[in-house]
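For reference, the structure discussed in these notes is given below.
Throughout, protein chains are lettered first and strands after them, A, B, ... in sequence-line order, and every chain is numbered starting at 1.
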Protein chains: 2
Amino acid sequence: MDPSGSNSRMQPPAETLARHGISPTAQRIRIADVMLARPQHLSADQVLAAVNASAQPVSKATVYNTLNLFCRKGLLREVIVDPARVFYDSTPEPHHHFYDIDTGELQDIPADEVAFSRLPPLPEGTDTDSVEVVIRVRSR
Amino acid sequence: MDPSGSNSRMQPPAETLARHGISPTAQRIRIADVMLARPQHLSADQVLAAVNASAQPVSKATVYNTLNLFCRKGLLREVIVDPARVFYDSTPEPHHHFYDIDTGELQDIPADEVAFSRLPPLPEGTDTDSVEVVIRVRSR
DNA sequence: CTGTGTGCAAAGCTTTTGCACTACT
DNA sequence: AGTAGTGCAAAAGCTTTGCACACAG
(Lines give C-alpha, C1' and ligand atoms only; values in the text may rest on other atoms or scores of the structure.)
Protein backbone atom coordinates (compact mmCIF):
# COMPACT_ATOMS: atom_id res chain seq x y z
CA MET A 1 0.00 0.00 0.00
CA ASP A 2 0.87 3.63 -0.24
CA PRO A 3 -0.16 5.33 2.98
CA SER A 4 0.76 8.77 1.66
CA GLY A 5 -1.05 8.89 -1.64
CA SER A 6 -4.33 7.09 -1.20
CA ASN A 7 -7.72 8.60 -0.62
CA SER A 8 -8.99 5.45 0.98
CA ARG A 9 -7.46 6.56 4.26
CA MET A 10 -10.26 9.03 4.69
CA GLN A 11 -8.19 12.03 5.62
CA PRO A 12 -9.54 15.56 5.58
CA PRO A 13 -9.94 16.51 1.94
CA ALA A 14 -7.96 19.70 2.41
CA GLU A 15 -4.91 17.68 3.43
CA THR A 16 -5.37 15.25 0.60
CA LEU A 17 -5.47 18.13 -1.85
CA ALA A 18 -2.42 19.78 -0.35
CA ARG A 19 -0.52 16.51 -0.46
CA HIS A 20 -1.19 16.38 -4.20
CA GLY A 21 -0.03 19.92 -4.78
CA ILE A 22 -3.50 21.41 -5.14
CA SER A 23 -4.39 24.58 -3.28
CA PRO A 24 -7.44 23.70 -1.25
CA THR A 25 -10.12 26.23 -2.10
CA ALA A 26 -13.65 25.98 -0.81
CA GLN A 27 -15.05 24.67 -4.11
CA ARG A 28 -12.30 22.11 -4.55
CA ILE A 29 -12.86 20.83 -1.04
CA ARG A 30 -16.56 20.48 -1.69
CA ILE A 31 -15.91 18.55 -4.88
CA ALA A 32 -13.29 16.41 -3.16
CA ASP A 33 -15.81 15.69 -0.38
CA VAL A 34 -18.22 14.28 -2.93
CA MET A 35 -15.71 12.35 -5.00
CA LEU A 36 -13.45 10.97 -2.30
CA ALA A 37 -16.08 9.95 0.25
CA ARG A 38 -15.81 6.37 -0.94
CA PRO A 39 -14.78 4.36 -4.00
CA GLN A 40 -17.21 5.40 -6.70
CA HIS A 41 -17.70 6.41 -10.30
CA LEU A 42 -19.45 9.66 -11.07
CA SER A 43 -19.98 11.64 -14.23
CA ALA A 44 -19.28 15.35 -14.18
CA ASP A 45 -23.00 15.90 -14.18
CA GLN A 46 -23.53 13.73 -11.14
CA VAL A 47 -20.76 15.54 -9.29
CA LEU A 48 -22.35 18.87 -10.18
CA ALA A 49 -25.71 17.69 -8.89
CA ALA A 50 -24.28 16.25 -5.69
CA VAL A 51 -22.23 19.33 -4.90
CA ASN A 52 -25.09 21.67 -5.56
CA ALA A 53 -27.50 19.62 -3.49
CA SER A 54 -25.43 19.39 -0.34
CA ALA A 55 -24.03 22.91 -0.11
CA GLN A 56 -23.62 26.22 -1.86
CA PRO A 57 -23.60 25.73 -5.61
CA VAL A 58 -20.45 25.39 -7.67
CA SER A 59 -20.54 26.33 -11.33
CA LYS A 60 -20.45 23.74 -14.06
CA ALA A 61 -17.22 25.11 -15.46
CA THR A 62 -15.53 24.85 -12.09
CA VAL A 63 -16.66 21.25 -11.70
CA TYR A 64 -15.20 20.33 -15.07
CA ASN A 65 -12.00 22.27 -14.47
CA THR A 66 -11.59 20.78 -11.02
CA LEU A 67 -12.22 17.19 -12.08
CA ASN A 68 -9.65 17.57 -14.84
CA LEU A 69 -7.22 19.10 -12.39
CA PHE A 70 -7.72 16.21 -9.96
CA CYS A 71 -7.04 13.74 -12.77
CA ARG A 72 -3.86 15.53 -13.82
CA LYS A 73 -2.70 15.48 -10.22
CA GLY A 74 -3.40 11.78 -9.82
CA LEU A 75 -6.24 12.12 -7.34
CA LEU A 76 -8.83 10.70 -9.72
CA ARG A 77 -8.89 8.62 -12.87
CA GLU A 78 -11.00 8.96 -15.97
CA VAL A 79 -12.91 5.87 -17.02
CA ILE A 80 -13.88 5.78 -20.68
CA VAL A 81 -16.54 3.16 -21.32
CA ASP A 82 -19.53 5.19 -22.39
CA PRO A 83 -19.38 7.29 -25.54
CA ALA A 84 -21.77 9.81 -24.01
CA ARG A 85 -19.78 10.83 -20.96
CA VAL A 86 -16.62 10.38 -18.93
CA PHE A 87 -16.75 8.80 -15.50
CA TYR A 88 -14.41 9.92 -12.76
CA ASP A 89 -13.15 7.16 -10.54
CA SER A 90 -12.17 7.93 -6.97
CA THR A 91 -9.80 4.98 -6.94
CA PRO A 92 -6.70 6.20 -8.75
CA GLU A 93 -4.74 2.97 -8.30
CA PRO A 94 -4.75 0.65 -11.31
CA HIS A 95 -7.74 -1.68 -11.41
CA HIS A 96 -10.41 -2.93 -13.76
CA HIS A 97 -14.13 -2.52 -14.33
CA PHE A 98 -17.44 -4.17 -14.92
CA TYR A 99 -19.71 -2.06 -17.05
CA ASP A 100 -23.39 -2.85 -17.20
CA ILE A 101 -24.45 -1.80 -20.67
CA ASP A 102 -28.11 -1.86 -19.68
CA THR A 103 -27.99 0.23 -16.53
CA GLY A 104 -24.81 2.18 -17.26
CA GLU A 105 -23.45 1.12 -13.88
CA LEU A 106 -19.73 0.84 -13.36
CA GLN A 107 -18.17 -1.48 -10.78
CA ASP A 108 -14.58 -1.89 -9.68
CA ILE A 109 -12.57 -5.05 -10.13
CA PRO A 110 -9.55 -5.05 -7.83
CA ALA A 111 -6.29 -5.41 -9.72
CA ASP A 112 -5.52 -8.74 -8.11
CA GLU A 113 -8.70 -10.35 -9.37
CA VAL A 114 -7.38 -10.26 -12.90
CA ALA A 115 -4.21 -11.99 -13.96
CA PHE A 116 -2.77 -12.57 -17.42
CA SER A 117 -1.08 -15.71 -18.58
CA ARG A 118 -0.31 -14.09 -21.89
CA LEU A 119 0.19 -10.52 -23.10
CA PRO A 120 1.39 -9.25 -26.47
CA PRO A 121 4.68 -7.42 -26.95
CA LEU A 122 4.33 -3.63 -27.04
CA PRO A 123 4.46 -1.83 -30.38
CA GLU A 124 7.92 -0.56 -31.36
CA GLY A 125 9.00 2.55 -29.50
CA THR A 126 6.25 2.62 -26.91
CA ASP A 127 6.00 2.18 -23.16
CA THR A 128 3.02 0.91 -21.24
CA ASP A 129 0.90 3.54 -19.57
CA SER A 130 -1.82 1.26 -18.27
CA VAL A 131 -3.51 -2.07 -18.89
CA GLU A 132 -7.23 -1.90 -18.39
CA VAL A 133 -9.79 -4.64 -18.61
CA VAL A 134 -13.44 -3.78 -19.15
CA ILE A 135 -15.95 -6.59 -18.76
CA ARG A 136 -19.20 -5.48 -20.32
CA VAL A 137 -22.20 -7.27 -18.87
CA ARG A 138 -25.95 -7.23 -19.40
CA SER A 139 -28.49 -7.49 -16.65
CA ARG A 140 -30.17 -10.89 -16.91
CA MET B 1 -12.70 -18.99 -37.94
CA ASP B 2 -16.07 -18.04 -39.32
CA PRO B 3 -15.98 -18.14 -43.10
CA SER B 4 -19.53 -16.85 -43.43
CA GLY B 5 -19.50 -13.78 -41.25
CA SER B 6 -16.14 -12.13 -41.64
CA ASN B 7 -15.27 -9.15 -43.72
CA SER B 8 -11.68 -10.26 -44.00
CA ARG B 9 -12.66 -12.48 -46.88
CA MET B 10 -12.80 -9.42 -49.08
CA GLN B 11 -16.10 -10.13 -50.75
CA PRO B 12 -18.04 -7.52 -52.68
CA PRO B 13 -19.43 -5.08 -50.13
CA ALA B 14 -22.95 -5.44 -51.49
CA GLU B 15 -22.92 -9.13 -50.70
CA THR B 16 -21.48 -8.57 -47.26
CA LEU B 17 -24.25 -6.09 -46.54
CA ALA B 18 -26.93 -8.41 -47.83
CA ARG B 19 -25.55 -11.26 -45.75
CA HIS B 20 -25.98 -9.10 -42.67
CA GLY B 21 -29.53 -8.15 -43.51
CA ILE B 22 -28.73 -4.66 -44.74
CA SER B 23 -30.19 -3.45 -47.99
CA PRO B 24 -27.21 -2.39 -50.07
CA THR B 25 -27.83 1.17 -51.16
CA ALA B 26 -25.23 3.22 -52.98
CA GLN B 27 -24.23 5.22 -49.89
CA ARG B 28 -23.96 2.16 -47.70
CA ILE B 29 -21.78 0.45 -50.25
CA ARG B 30 -19.51 3.46 -50.44
CA ILE B 31 -19.20 3.57 -46.66
CA ALA B 32 -18.65 -0.20 -46.52
CA ASP B 33 -15.93 0.17 -49.16
CA VAL B 34 -14.06 2.57 -46.93
CA MET B 35 -14.56 0.72 -43.66
CA LEU B 36 -14.16 -2.86 -44.79
CA ALA B 37 -11.22 -2.43 -47.13
CA ARG B 38 -8.91 -3.69 -44.40
CA PRO B 39 -8.74 -4.01 -40.61
CA GLN B 40 -8.77 -0.44 -39.36
CA HIS B 41 -10.14 2.03 -36.86
CA LEU B 42 -11.80 5.17 -38.12
CA SER B 43 -13.80 7.91 -36.48
CA ALA B 44 -17.07 8.99 -38.06
CA ASP B 45 -15.29 12.12 -39.20
CA GLN B 46 -12.57 10.16 -40.94
CA VAL B 47 -15.13 7.99 -42.68
CA LEU B 48 -16.97 11.07 -43.83
CA ALA B 49 -13.78 12.58 -45.20
CA ALA B 50 -12.71 9.38 -46.93
CA VAL B 51 -16.09 8.78 -48.54
CA ASN B 52 -16.39 12.33 -49.74
CA ALA B 53 -12.88 12.35 -51.16
CA SER B 54 -13.15 9.21 -53.26
CA ALA B 55 -16.61 9.60 -54.76
CA GLN B 56 -19.86 11.52 -54.67
CA PRO B 57 -20.39 12.98 -51.22
CA VAL B 58 -22.48 11.34 -48.53
CA SER B 59 -24.06 13.47 -45.86
CA LYS B 60 -22.80 13.56 -42.32
CA ALA B 61 -26.10 12.28 -40.96
CA THR B 62 -26.05 9.31 -43.30
CA VAL B 63 -22.51 8.42 -42.27
CA TYR B 64 -23.50 8.41 -38.60
CA ASN B 65 -26.71 6.53 -39.23
CA THR B 66 -24.96 3.99 -41.40
CA LEU B 67 -22.09 3.38 -38.99
CA ASN B 68 -24.58 2.82 -36.18
CA LEU B 69 -26.58 0.50 -38.39
CA PHE B 70 -23.46 -1.50 -39.26
CA CYS B 71 -22.66 -1.83 -35.56
CA ARG B 72 -26.16 -3.01 -34.71
CA LYS B 73 -25.92 -5.56 -37.49
CA GLY B 74 -22.58 -6.86 -36.29
CA LEU B 75 -20.58 -5.63 -39.24
CA LEU B 76 -18.52 -3.18 -37.21
CA ARG B 77 -17.67 -2.63 -33.58
CA GLU B 78 -17.45 0.58 -31.60
CA VAL B 79 -14.22 1.16 -29.75
CA ILE B 80 -14.47 3.52 -26.82
CA VAL B 81 -11.04 4.66 -25.71
CA ASP B 82 -11.05 8.36 -26.45
CA PRO B 83 -13.49 10.65 -24.68
CA ALA B 84 -13.59 12.91 -27.71
CA ARG B 85 -14.92 10.44 -30.28
CA VAL B 86 -15.93 6.91 -31.05
CA PHE B 87 -13.80 4.73 -33.31
CA TYR B 88 -15.39 2.17 -35.58
CA ASP B 89 -13.45 -1.04 -35.90
CA SER B 90 -13.73 -3.08 -39.08
CA THR B 91 -12.89 -6.24 -37.18
CA PRO B 92 -16.12 -7.26 -35.46
CA GLU B 93 -14.68 -10.40 -33.90
CA PRO B 94 -13.66 -10.06 -30.24
CA HIS B 95 -10.13 -8.79 -29.80
CA HIS B 96 -8.16 -6.20 -27.86
CA HIS B 97 -6.40 -2.92 -28.48
CA PHE B 98 -3.31 -0.86 -28.01
CA TYR B 99 -4.12 2.82 -27.71
CA ASP B 100 -1.33 5.35 -28.10
CA ILE B 101 -2.36 8.22 -25.86
CA ASP B 102 0.10 10.56 -27.56
CA THR B 103 -0.82 9.98 -31.18
CA GLY B 104 -4.38 8.73 -30.69
CA GLU B 105 -3.55 5.67 -32.77
CA LEU B 106 -5.42 2.46 -32.19
CA GLN B 107 -3.94 -0.96 -32.95
CA ASP B 108 -5.49 -4.39 -32.85
CA ILE B 109 -4.37 -7.16 -30.55
CA PRO B 110 -5.62 -10.54 -31.79
CA ALA B 111 -7.73 -12.33 -29.21
CA ASP B 112 -5.24 -15.17 -28.90
CA GLU B 113 -2.42 -12.87 -27.84
CA VAL B 114 -4.14 -12.23 -24.55
CA ALA B 115 -4.97 -14.95 -22.08
CA PHE B 116 -6.22 -14.73 -18.52
CA SER B 117 -5.09 -16.91 -15.67
CA ARG B 118 -7.62 -15.28 -13.41
CA LEU B 119 -10.92 -13.47 -13.86
CA PRO B 120 -13.42 -12.28 -11.27
CA PRO B 121 -16.92 -13.74 -10.90
CA LEU B 122 -19.62 -11.74 -12.63
CA PRO B 123 -21.89 -9.51 -10.57
CA GLU B 124 -25.16 -11.14 -9.50
CA GLY B 125 -27.74 -11.41 -12.22
CA THR B 126 -25.53 -10.44 -15.14
CA ASP B 127 -24.15 -12.17 -18.21
CA THR B 128 -20.93 -11.34 -20.00
CA ASP B 129 -21.28 -9.28 -23.14
CA SER B 130 -17.59 -8.81 -23.88
CA VAL B 131 -14.19 -8.75 -22.23
CA GLU B 132 -11.96 -6.05 -23.64
CA VAL B 133 -8.40 -5.22 -22.81
CA VAL B 134 -7.01 -1.81 -23.62
CA ILE B 135 -3.29 -1.33 -23.27
CA ARG B 136 -2.58 2.37 -23.21
CA VAL B 137 0.92 3.20 -24.36
CA ARG B 138 3.00 6.34 -24.83
CA SER B 139 5.38 6.93 -27.68
CA ARG B 140 8.90 6.83 -26.29
C1' DC C 1 -0.63 44.77 -5.64
C1' DT C 2 -0.22 40.57 -7.93
C1' DG C 3 -1.72 36.22 -9.13
C1' DT C 4 -4.63 32.38 -8.74
C1' DG C 5 -9.29 30.57 -8.71
C1' DT C 6 -14.25 31.08 -9.75
C1' DG C 7 -18.48 32.00 -12.24
C1' DC C 8 -21.09 32.78 -16.10
C1' DA C 9 -22.10 32.63 -20.69
C1' DA C 10 -20.78 31.55 -25.07
C1' DA C 11 -18.51 28.62 -28.17
C1' DG C 12 -16.94 23.99 -29.89
C1' DC C 13 -17.45 19.18 -31.00
C1' DT C 14 -19.48 15.07 -31.82
C1' DT C 15 -23.67 12.84 -32.48
C1' DT C 16 -28.82 12.62 -33.00
C1' DT C 17 -33.32 13.98 -34.71
C1' DG C 18 -37.17 15.76 -37.80
C1' DC C 19 -38.90 16.29 -42.04
C1' DA C 20 -39.17 16.62 -46.83
C1' DC C 21 -37.39 14.38 -51.04
C1' DT C 22 -35.95 10.32 -53.71
C1' DA C 23 -35.87 5.77 -55.21
C1' DC C 24 -36.85 1.52 -55.38
C1' DT C 25 -40.91 -2.42 -54.98
C1' DA D 1 -48.91 3.85 -54.17
C1' DG D 2 -46.08 2.55 -50.52
C1' DT D 3 -42.04 1.76 -48.01
C1' DA D 4 -37.32 2.43 -46.92
C1' DG D 5 -33.26 5.33 -47.31
C1' DT D 6 -31.07 9.90 -47.83
C1' DG D 7 -29.88 14.71 -47.11
C1' DC D 8 -29.98 18.86 -44.91
C1' DA D 9 -30.34 21.69 -41.17
C1' DA D 10 -31.35 22.22 -36.67
C1' DA D 11 -31.12 20.48 -32.08
C1' DA D 12 -29.08 18.19 -28.31
C1' DG D 13 -25.73 16.60 -25.42
C1' DC D 14 -21.04 17.04 -23.03
C1' DT D 15 -16.98 19.71 -22.41
C1' DT D 16 -13.92 23.75 -23.00
C1' DT D 17 -12.81 28.62 -23.31
C1' DG D 18 -12.71 33.74 -22.48
C1' DC D 19 -13.12 37.26 -19.65
C1' DA D 20 -14.44 39.88 -15.60
C1' DC D 21 -14.76 39.60 -10.71
C1' DA D 22 -13.33 37.84 -6.01
C1' DC D 23 -10.05 36.49 -2.95
C1' DA D 24 -5.61 35.34 -0.83
C1' DG D 25 -0.71 36.18 -0.18
Roughly how many Å is it from [atom1] in [X] to [atom2] in [N], rounded to a whole number?
X: B/D82; N: D/dT15; atom1: CG; atom2: C1'; value: 13 Å
X: A/R85; N: C/dT16; atom1: CZ; atom2: C1'; value: 15 Å
X: B/R28; N: C/dC24; atom1: CZ; atom2: P; value: 13 Å
X: B/N68; N: D/dG5; atom1: CG; atom2: P; value: 15 Å
X: B/I29; N: C/dA23; atom1: CD1; atom2: C1'; value: 14 Å
X: B/R30; N: D/dG5; atom1: CZ; atom2: P; value: 16 Å
X: B/D45; N: C/dT16; atom1: CG; atom2: P; value: 13 Å
X: B/Q27; N: C/dT22; atom1: CD; atom2: C1'; value: 10 Å

Is it true that B/R140 and A/E124 make a salt bridge, defined as a side-chain N closer than 4.0 Å to a carboxylate O? no
Please state whether the phosphate of [N], meaning OP1 or OP2, lies under 4.0 angstrom from any side-chain nitrogen or oxygen of [X].
X: A/T25; N: C/dT6; result: yes
X: B/Y64; N: C/dT16; result: no
X: A/T62; N: C/dG7; result: yes

Parallel under 30°, tilted from 30 to 60°, perpendicular over 60°: which one fits the rings of A/H41 and A/H97? perpendicular
Donor-acceptor pair between A/D82 and A/Y99 side chains, under 3.5 angstrom: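 Yes, side-chain donor-acceptor contact under 3.5 Å.
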Contact class for A/S23 vs. all strands (heavy atom < 4.0 Å): base, sugar-phosphate, or nothing?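 Counting heavy atoms under 4.0 Å across all strands, the contact made by A/S23 is with sugar-phosphate only.
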Which part of the nucleic acid does A/N65 contact within heavy-atom distance under 4.0 Å: base, sugar-phosphate only, or nothing?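 The residue A/N65 makes base contact.
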Write down the atom of B/P39, the atom of B/T91, and the distance for their closest heavy-atom approach.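 Looking at all heavy atoms of both residues, the shortest contact is CB-OG1, 3.7 Å.
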Between B/P83 and B/A61, just flag the one whose closest nucleotide in DNA chain D comes earlier from the 5' side. B/A61
I'd like to know if A/L17 and A/V58 are part of one continuous hydrophobic network [Ile/Leu/Val/Met/Phe/Trp/Tyr, side-chain heavy atoms within less than 4.5 Å].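 Shared cluster, yes.
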